[in-house]
Amino acid sequence: MEASFYEQVFEIARLVPKGRVTSYGAIAKALGAGGSARMVGYAMSNAGIAQPKVPAHRIVNSSGLLTGKFHFSPPELMQQLLEQEGVKVVNDKIKDFKKVFWNPLEEII
DNA sequence: CAGATGACCGAGC
DNA sequence: GGCTCGGCCATCT
């Protein structure tokens with residue numbers, strides 16, 4: 001389909017470095033849609049069919065919680081991928097979230 | 001075109 | 001620190 005809000009979200013998601021994570025709100029803000037954080041999450045629903053694949057496992061909510069892990073198959077895949085990249089995950093949330101947090105605004109500029 | 005939906009966020013208790 | 005409520009807005013039906 002046409003370059004929609006989804007593509008913008010996917011592009012930011014692909015820019016997230018390995019071993020780092022970002023939040024929906026941060027992406028929304030980077031796109032200039034500060035209040036559209038929900039749209040970012042909604043867009044990620046299409047990440048499963050998006051090509052090339054989107055590292056949706058690097059996207060978490062503002063609390064560092066793996067809110068979208070249930071959208072993976074299997075759900076535990078999200079945590080596995082994160083730990084595989086060196087991100088510690090405890091109780092479905094990122095450990096040292098502030099340290100591994102990646103701000104798209106600082107990359108795009 | 002109108003109503004419902006959603007992987008959220010911030011404020012309040 | 002955790003739960004509840006309202007708002008935000010593109011996409012879907």
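Naming convention: chains lettered A, B, ... in sequence-line order (proteins, then strands); numbering from 1 in each chain. Here the structure is a predicted model, which is why all the values come from computation and not from measurement.
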If every non-hydrogen atom of A:Phe72 is compared with every non-hydrogen atom of A:Met78, which pair is closest and at what distance? CE1-SD, 3.6 Å
Rounded interatomic separation in angstrom, taking CE from A:Met44 and C1' from B:dT5: 18 Å
Classify A:Ser45 by what it touches in the nucleic acid, base, sugar-phosphate, or nothing, heavy-atom distance under 4.0 Å. base
Are the side chains of A:Leu66 and A:Gln79 in touch, meaning some heavy atoms are under 4.5 Å apart? yes
For A:Ala28, report the nucleic acid contact type (base, sugar-phosphate, nothing); a contact means any heavy atom under 4.0 Å. nothing
Go along nucleotides 6-13 of chain C 5' to 3' and tag each nucleotide: B for a protein heavy atom under 4.0 Å from its base, S when only backbone or sugar atoms are that close, - otherwise. -BBBBSS-
Could you state the CD-C1' distance from A:Gln79 to B:dA7, rounded to the nearest angstrom? 16 Å
How many Å lie between CG on A:Leu65 and C1' on C:dG2, as a whole number? 12 Å
Round to a whole Å and report the spacing from NE2 of A:His71 to C1' of B:dC8. 12 Å
Would you mind listing every salt bridge (charged side-chain N to carboxylate O under 4.0 Å, His left out) that reaches into residues 48-59 of chain A, with sequence neighbours excluded? A:Arg58-A:Glu85
Atom CD1 of A:Ile49 to atom C1' of B:dA7: distance rounded to whole Å? 15 Å
Nearest whole angstrom, please: distance from the C1' of B:dC8 to the CG of A:Leu31. 14 Å
What is the distance from OH of A:Tyr24 to P of B:dG10, rounded to the nearest Å? 14 Å
Looking only at heavy atoms, the pair that brings A:Ala56 and A:Ala47 closest together is CB-CB, 4.3 Å
Show the nearest heavy-atom pair for residues A:Leu65 and A:Asn91, with the distance to one decimal. CD1-O, 4.1 Å
Listed partners of A:Lys69 passing salt bridge (charged side-chain N to carboxylate O under 4.0 Å, His left out), at least two apart: A:Asp92
